There are 2 protein chains.
Amino acid sequence: MLSIGELSKRTRVKIPTIRYYEQMGLISAPERTTGNQRRYSKTELSRLSFIKHARDLGLKIEDIRELLTLSANPEMPCAEANHIAANHLGAIRARIAQLQRLEAELARMATCHADNIKDCYVIESLSNHGLCAENH
Amino acid sequence: MLSIGELSKRTRVKIPTIRYYEQMGLISAPERTTGNQRRYSKTELSRLSFIKHARDLGLKIEDIRELLTLSANPEMPCAEANHIAANHLGAIRARIAQLQRLEAELARMATCHADNIKDCYVIESLSNHGLCAENH
DNA sequence: CAAATACCTATAGTATCTATAGCAATAATC
DNA sequence: GATTATTGCTATAGATACTATAGGTATTTG
């Protein structure tokens, strides 16, 4: 049995976050010691690892909740899980494309070598959208 | 003079967001009509455009506040503004790299053709970090 | 001038945590 | 066994950047 601190170390999920997930119903309330401290089993360790991994991938809590429900019913069709992953993939690709446009613009901006603000390209760029190479 | 609705249309900043920015002190409280409605001048239009543009670039409110202060002092050195932009550029590049790793992993996951959850690669991938091609 | 639209304030809610205060339990050391 | 250090508990507030709602008032349009 793991204390909340050990669970936190192993999953790299911070302690208040674990308690928050419990409150949100993502993980169930674990056993307690006579002194009222939480004690976790291997089951909860792997469930929390799943959650952490999915969060690292940028999935929303509600998506994760759905995936957890799905995974609890091993005979259900896999299409739904695929759908969630594919949806998220589209969102990520769009976000990458957007960030790359911003990267280009910031890179241009950061080449400024003016001595003072009145000639600074950073300020100028932000003031005047027309200077942008790409539209956003 | 523009009403808040016109200002919103021209800057594509939503009305409650404009009022929120006023509350946060990013823009100053504008004139009011006798009926207590806000009326904005060109000055405020361009200031809000600056803010919108910077937000679109992903800059944090506090960074924007700093840039606005800098731009109000045209004789100040430009180094600080450059520093903010460059910092942000670094953060964006890191985020792009991270998202590209996630994209690769999700793309692999979404190729799953299993019929039911127990063989689904999406669920399997999230359960088992060891399957990831890249580390994150 | 009436109806439709736009605007006002104040408050609460969203999402995903993180921090703090004040106290209790457990582990480590002597 | 006693002291001390670490860890844990609950409850509440704060961070971020808004968005939504309720209940009421101005302004514009036909």
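Residue numbers begin at 1 in each chain, while the letters A, B, ... track the order of the sequences. Small disclaimer: the values here were computed from a predicted structure and weren't measured.
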Whole Å only: how far is the [atom1] atom of [X] from the [atom2] atom of [N]?
X: B/Lys9; N: C/dC7; atom1: NZ; atom2: C1'; value: 12 Å
X: B/Arg55; N: D/dT16; atom1: CZ; atom2: P; value: 11 Å
X: A/Leu2; N: D/dT7; atom1: CG; atom2: P; value: 15 Å
X: B/Leu7; N: C/dC7; atom1: CG; atom2: C1'; value: 14 Å
X: B/Asp56; N: D/dC18; atom1: CG; atom2: P; value: 10 Å
X: B/Lys60; N: D/dA15; atom1: NZ; atom2: C1'; value: 10 Å
X: A/Ile15; N: D/dC9; atom1: CD1; atom2: P; value: 8 Å
X: B/Ile51; N: D/dC18; atom1: CD1; atom2: C1'; value: 14 Å

**Report entry** Residue among B/Met1, B/Glu31, B/Glu44, B/Glu22 satisfying side-chain contact (heavy atoms from CB on, under 4.5 Å) with B/Arg38
**Finding:** B/Glu22

Query raised in the report: Nearest nucleotide by nearest heavy atom, which residue falls closer to the 5' end of DNA chain C, A/Ile61 or B/Asn36?
Result: B/Asn36

Distance check: side-chain N/O of [X] vs OP1/OP2 of [N], anything under 4.0 Å?
X: B/Thr34; N: D/dA26; result: no
X: B/Lys14; N: D/dT19; result: yes
X: A/Arg38; N: D/dC9; result: yes
X: B/Arg39; N: C/dC7; result: no
X: B/Thr33; N: D/dA26; result: no
X: A/Thr17; N: C/dT18; result: yes
X: A/Ser3; N: D/dG8; result: yes
X: A/Arg65; N: C/dT16; result: no

Query raised in the report: If you measure from CD1 on B/Ile4 to CD1 on B/Ile15, what distance do you get to the nearest 0.5 Å?
Result: 6.0 Å

Query raised in the report: Among all residues two or more places apart in sequence or in another chain, which pass the side-chain contact (heavy atoms from CB on, under 4.5 Å) test with B/Gln37?
Result: B/Thr33, B/Arg39

Query raised in the report: Counting only heavy atoms not in B/Glu6, do more than 12 sit closer than 6.0 Å to its CD atom?
Result: yes

**Report entry** B/Glu66-B/Thr69 side chain donor-acceptor pair, cut-off 3.5 Å
**Finding:** no

Query - side chain to side chain donor-acceptor pair (under 3.5 Å) partners of B/Arg65, counting only residues at least two apart - result: B/Glu62

Query raised in the report: What are the residues of residues 18-30 of chain A, sorted by number, that bring a heavy atom to within less than 4.0 Å of DNA chain D?
Result: A/Arg19

Requested in this report: Ignoring hydrogens and angles, tell me if any N or O in the side chain of A/Thr11 forms a donor-acceptor pair with the backbone of A/Ser49 under 3.5 Å.
Outcome: no

